[in-house]
Every structure is written in C-alpha cells, then in structure tokens.
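Can you read through this structure? Questions will come right after.
All figures in this text were calculated on a predicted structure; none of them were measured in a lab.
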Amino acid sequence: KEEIPLSRNKIKLFEKGIYYIVGELSEDSLAPVIEDLLLKIDNPPKDLKQITLVISSLGGELYATMGLINLLEIQKLPVRTIGLGSCFSAAAMLLASGTKGMRSAARSTAIMVHQFSTHMEGTATQLAVGGSFARGEYDRYLQFFIDHSRYRNKKQIEKYLVKDVDTWITTNEAIKHGLVDKVFTRF
C-alpha cells in the first residue's frame, strides 16, 4: 500500500504527544500513532508530560486496537483520553484505557460497548479450535472491562456492559460505569 504522508498539523500534534484517532480503527489507521509512540517509548521528550488520545470512531479491529492499548500500558507517560462524537466498540475500549483520573468524554459523546464478533470458517476441527480460542478471547475481553471500569467480576460486566445486545451509554452513564472519569470541558 502507498503510505499517505502526515499533514503539518498532525506532525505538530504528534510532537506534543497528541493523537487524533478518527474513523475506523485498523492496523493501517493506527500505525502512525504506534510508530510515533515507539519512537518515544524509552526516551520521551523531556517537555512531554503525557500522551493524549482524542478519539472519535465507530470502532474497528479488536486486535489492532489492543495492540495500541498494550503499547500505552508499557510506556512511561500517563495517558489522557478524550472522547468526541462517538466511541463505539473498540473505540470505547481505547477511551477506557487511559490513566484513571485522566479519561473524559464530551457531554454529547455517544459510547457503545458490545460483545466482539468473530468470522470463523473452515473444517469442523478448525471451527472447534477457533471456538475454543474465541471463548478464551471473550474471557480476556471481559477482564479488560474489569480492569477499566467500576465492576469487579465477569458477572457484573455481562449484566451492565457486555450484554447480548449493544449497550449504548451517554457520557454521564460512562462515568457511572467507571469507563471515563469526567465530562470533557477544556483542553
């Protein structure tokens, strides 16, 4: 694939540790953010005090998003997350993954959490193995929300967040669930 050069504005934001994550979350769309964070991971600029993710996304690839979340967990700086517009599916996970006390969403942000989907096909044996793997992934998915919400066990997560249907929540409800800490009012 042909690489799209970064705009001057995006380069300026990256230098300040600010990443605007918009559109579908995929390996391609998250690669510039991950690449820049990798350059800063062991030796962040001295004037950089935090990483800021501004998120407006309908979601996307779970594994691509988890790759970014895993990288955020091991880097040295606190992570501020700000939800604007929509944070659905994997984008809701990214929003919740910020440093506790530094997660916010604008008052009108729509947030949606749901069970992840998988698209398996193949032989009966491949489906059995894939199903076993998916069950393990589901447990890890629930654990993510235990770690990033006010709920302490899988039963609570399935009751309040990861239901059989999409869970649509407002910013104030996200605060009550412990996915964000406050309403975003100023940068």
**Q.** Hphob cluster co-occupancy, F144 + M102, side-chain heavy atoms under 4.5 angstrom
**A.** no

Q) What closest approach, in Å, do I111 and A174 show between heavy atoms, and which atom pair accounts for it? A) CD1-CB, 3.6 Å

Q) Could you state the interatomic distance from CG (L68) to CD (E73), rounded to the nearest 0.5 Å? A) 10.0 Å

Q. Do R80 side-chain atoms and I51 backbone N/O form a donor-acceptor pair below 3.5 Å?
A. no

Q: If the plane angle is over 60° it's perpendicular, under 30° parallel, otherwise tilted; pick one for F187 and F184.
A: perpendicular

**Q.** Gap separating the NZ atom of K154 from the OH atom of Y138, nearest 0.5 angstrom
**A.** 9.0 Å

Q) Side chain of T171, backbone of A106: donor and acceptor closer than 3.5 Å? A) yes

Q. Should the heavy atoms of other residues, nucleotides or ligands under 6.0 Å from OH of Y160 be counted, would the total exceed 12?
A. no

(Q) For residues L62 and I69: do they belong to one hydrophobic cluster (side chain heavy atoms under 4.5 Å, members Ile, Leu, Val, Met, Phe, Trp, Tyr)? (A) yes

**Q.** Nearest heavy atoms of F14 and P32, plus distance in Å
**A.** CE2-O, 3.6 Å

Q: Answer yes or no: are there more than 12 heavy-atom neighbours, outside R140 itself, under 6.0 Å from its atom CZ?
A: yes

Q: Mark yes when over 12 heavy atoms from residues, nucleotides or ligands other than R107 sit less than 6.0 Å from its CZ; otherwise mark no.
A: no

(Q) Please determine whether residues L48 and L39 belong to a single hydrophobic cluster, defined as Ile, Leu, Val, Met, Phe, Trp and Tyr linked transitively by side-chain heavy-atom distances below 4.5 Å. (A) no

Q.
Once rounded to the nearest 0.5 Å, what's the spacing between atom CG of L72 and atom CG of L37?
A. 6.0 Å

**Q.** E173 atom CD, neighbour heavy-atom count above 12 within 6.0 Å
**A.** yes

Please tabulate, for side-chain N and O atoms in residues 16-26, each donor-acceptor pair with protein atoms closer than 3.5 Å (sequence neighbours left out).
unit_1 : atom_1 : unit_2 : atom_2 : d
Y19    : OH     : D36    : OD2    : 2.5
Y19    : OH     : K40    : NZ     : 3.0
S26    : OG     : D28    : N      : 3.4
S26    : OG     : S29    : N      : 3.0
S26    : OG     : S29    : OG     : 3.3

Q) Between atom CG of L71 and atom CD1 of I41, what is the distance when rounded to the nearest 0.5 Å? A) 4.5 Å

Q: Measure from the side-chain N and O atoms of T81 to the backbone N and O of L53, and report whether any donor-acceptor pair falls under 3.5 Å.
A: no

**Q.** Donor + acceptor pair across side chains of S97, H148 (<3.5 Å)
**A.** no

**Q.** Distance-minimising heavy-atom pair for E61 and A90
**A.** O-CB, 4.3 Å

Q. Does one hydrophobic cluster hold both V33 and L77, with members joined at side-chain heavy-atom distances below 4.5 Å?
A. yes

Q. Has K100 got more than 12 heavy atoms of other residues, nucleotides or ligands less than 6.0 Å from its NZ?
A. yes

Q) So L13 and V54, side-chain contact (heavy atoms from CB on, under 4.5 Å) or not? Walk me through it. A) CA-CA 11 Å; L13 289 171; V54 180; over 6 Å; no

Q. Checking side-chain contact (heavy atoms from CB on, under 4.5 Å) for the pair M66/N70: CA distance, chi angles, key distance, verdict?
A. CA-CA 6 Å; M66 287 306 300; N70 293 158; 4.1 Å; yes

**Q.** Donor-acceptor contact present, side-chain K46 to main-chain N43, <3.5 Å
**A.** no

Q.
If hydrophobic clusters are built by linking Ile, Leu, Val, Met, Phe, Trp and Tyr wherever their side-chain heavy atoms come under 4.5 Å apart, do L94 and L179 end up in the same one?
A. yes

**Q.** CA sep, side-chain torsions, deciding dist, call: H177, Y151, ring pair (Phe, Tyr, Trp, His ring centres under 6.0 Å)
**A.** CA-CA 8 Å; H177 288 298; Y151 304 112; 5.7 Å; yes

Q. Which atoms form the tightest heavy-atom contact between L95 and G83, and what is the distance?
A. CD1-N, 3.5 Å

Q) Out of curiosity, N172 CG to K182 NZ, how far, rounded to the nearest 0.5 Å? A) 14.5 Å

Q: Please report the closest heavy-atom contact between V79 and Q75, naming both atoms and the distance.
A: CG2-NE2, 3.3 Å

Q | Value rounded to 0.5 Å, distance of OG in S104 from CD1 in I175 | A | 9.0 Å

Q: Quick one: closest heavy-atom pair of S149 and I157, and the distance?
A: OG-CD1, 3.5 Å

Q | Residue pair I169 / K176, side-chain heavy-atom distance below 4.5 Å | A | no

Q. Between the side chains of D147 and Q143, is a donor N or O closer than 3.5 angstrom to an acceptor N or O?
A. yes

Q: Count the heavy atoms of every other residue, nucleotide or ligand shown that sit under 6.0 Å from CG of D164, and state whether that count exceeds 12.
A: no

Q | Check: V162 and V113 side chains under 4.5 Å, non-hydrogen atoms | A | yes

Q) Would you call K12-E15 a salt bridge at under 4.0 Å N-O? A) no

